[in-house]
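Per chain, numbering begins at 1; letters A, B, ... match sequence-line order. Given the structure is predicted, the values throughout are model-derived calculations rather than measurements.
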There are 2 protein chains.
Amino acid sequence: MSLVEELRQSIQRKNTVILVARCTITYEGRASSKLGEGERIILIKEDGAVIVHRPFSYEPVNYQPPGSIITVEEAEGSCRLIALRPRIHEKMVIELKEVKHFFSSRLEDRAEFHMWGDEQDLRQAIILDPVSTLGEELELVGSEFSLGSAGYADIVFRDKEGNLVVVEVKRKTADVSSVYQLKRYVEKIRRECEKNLKVRAILAAPKFTPVAIVVLKREGLEYREVNLQHARKILKQKGNLPSFFHELA
Amino acid sequence: MSLVEELRQSIQRKNTVILVARCTITYEGRASSKLGEGERIILIKEDGAVIVHRPFSYEPVNYQPPGSIITVEEAEGSCRLIALRPRIHEKMVIELKEVKHFFSSRLEDRAEFHMWGDEQDLRQAIILDPVSTLGEELELVGSEFSLGSAGYADIVFRDKEGNLVVVEVKRKTADVSSVYQLKRYVEKIRRECEKNLKVRAILAAPKFTPVAIVVLKREGLEYREVNLQHARKILKQKGNLPSFFHELA
DNA sequence: TCGTTTATGTCGGAG
DNA sequence: CTCCGACGTAAACGA
């Protein structure tokens, strides 16, 4: 069977295809790119994702995400792979010059992927134990608190004086853009609620860039150091940590 | 030769390795993750990047970027692949249960990758032809204009009245955070220069979210519609467009 | 669909 | 190293 037919059949059967090939690639869509001849790894997945890797670097050099329409054309002795996203007029063309390796098979992978340590986990720990994370007793008003067009406030608390406290959580170093994000939220809330209600703002992160701290102070916003290790302890204590993440370093 | 030895030799020789294997994966570092048994594609690149793909989705399920230290251990009849980044205490462990496919070869790929249509290209077109992009004659003061700790203003112009004009360029829809980014820059410049100098601010993008426009107006900032198609025409006219991007749709 | 936010983001550039 | 901003960001989630 010819390569063209092999590829067509593999794609139709929703196999996962791996090609190692000397090829050139053009892309046209949101931007445009050209890649001259060289040896690359081409992955074609069952969901229509096409990913081209050079022999170096983490990121693919060219790609189409899942859902793209893949066609294979005969071309000067070898073949041409076209991956299209018609909705957004995006096209990637791979001219295969020489196929050095071909693999095609239906792969079985139904396992669940579990992750711990994202922003949501840190947020949860702060909600469950504001005293040990933010240093004061706070009553939860809401989390992922919708501010309409202004986005979402990570957490909204009420403090012991009855003031609103808006908290923006970052899982790693908070920079100046995090500060402005928080500022946007308090300003929106201040505009929306009664004038006599005080609205505080806290940026909670394991670390802060120097400029972030300058702007926080200038804007009259507060900040607290929180980190994932502590969050893990809290969640474990409260029984909110999946068992496979109990024994980490 | 055993799989362990094959892998070790391939890695040492800086081959590109492709494995298709039933495996489990754990990761611990900036976050933690567990992935149960299933069939995946594992890429090991000459620069130490390790990338694991499931048979679906664009993004790798687990990875380590270039420069990681890769070791191979014998383990219950099969083997264990460990990719380490010691500086940041990051570790990915792949337990290979059954290797369905193995490929290893030195790949040659020295071709250059050319892209057109990034923010820089749009910026260049605005600088070369402010009249047709921003609608007025402007004299260039600087681009990638350093504001010290506050970052960089994309372009700074002087208008016919002698006012400074700060321009922030976005290659796609500008949202509210772009507006605040621009606001940050003008405020910095206003703080730094004489009080009597007027500083205007323009957000230039192909599209604006409704909220972005509301905030622009509220903050007294201007905005102009610019797009890459027009930019391409300008750059082609002025001879600033690489020839391989001349005949696009 | 658009708009907003997160990401083990990655990558590149400047200090 | 850190800080900053772009990315064909992708992916998730809500309106």
Whole angstrom is fine here: how far is it from NZ in Lys45(A) over to C1' in dA10(D)? 12 Å

Output the rounded distance in Å from CZ (Arg54(A)) to C1' (dT10(C)). 17 Å

Ring centre gap for Phe145(A) and Tyr152(A) strictly below 6.0 Å: no

In whole angstroms, how far is the P atom of dG14(D) from the CG atom of Asp175(B)? 20 Å

Give the rounded distance in Å between these two atoms: CG of Asp118(B) and P of dG8(D). 8 Å

Given atom CD of Glu119(B) and atom P of dC11(C), what is their separation to the nearest angstrom? 20 Å

Mind checking the P distance from dG8(D) to dC4(D)? Whole angstroms is fine. 23 Å

On DNA chain D, check which nucleotide each of Asp154(B) and Pro210(A) is closest to and give me the residue with the more 5' one. Pro210(A)

Side-chain ion pair, Lys91(B) and Glu28(B), N-O less than 4.0 Å: no

Contacts of Tyr58(B) and Ala212(A) projected onto DNA chain D by closest heavy atom; the upstream (5') one is Ala212(A)

On a whole-Å scale, what distance lies between the C1' atoms belonging to dG9(C) and dT5(C)? 13 Å

Enter the distance from Asp47(A):CG to Thr16(A):OG1 here, rounded to the nearest 0.5 Å. 8.5 Å

Less than 3.5 Å between a donor and an acceptor, one on the side chain of Glu59(A) and one on the base of dG9(C), is that the case here? no

Grab the CD-P distance between Gln181(B) and dC7(D) for me, whole Å please. 11 Å

Integer angstrom distance from the P of dT4(C) to that of dT8(C): 23 Å

note: Arg87(A), atom CZ; dC2(C), atom P; distance rounded to Å ~ 12 Å

What integer distance in Å separates Glu144(A):CD from dG14(D):C1'? 10 Å

Result for 5'-nearest mapping on DNA chain C, choosing between Val211(B) and Asn62(B), is Val211(B)

Atom pairs under 3.5 Å: protein N/O with N/O of nucleotides 12-15 of chain C:
| residue | atom | partner | partner atom | Å |
| --- | --- | --- | --- | --- |
| dA14(C) | O3' | Tyr152(B) | OH | 3.4 |

Contacts of Arg190(A) that satisfy side chain to side chain donor-acceptor pair (under 3.5 Å) - sequence neighbours left out: none

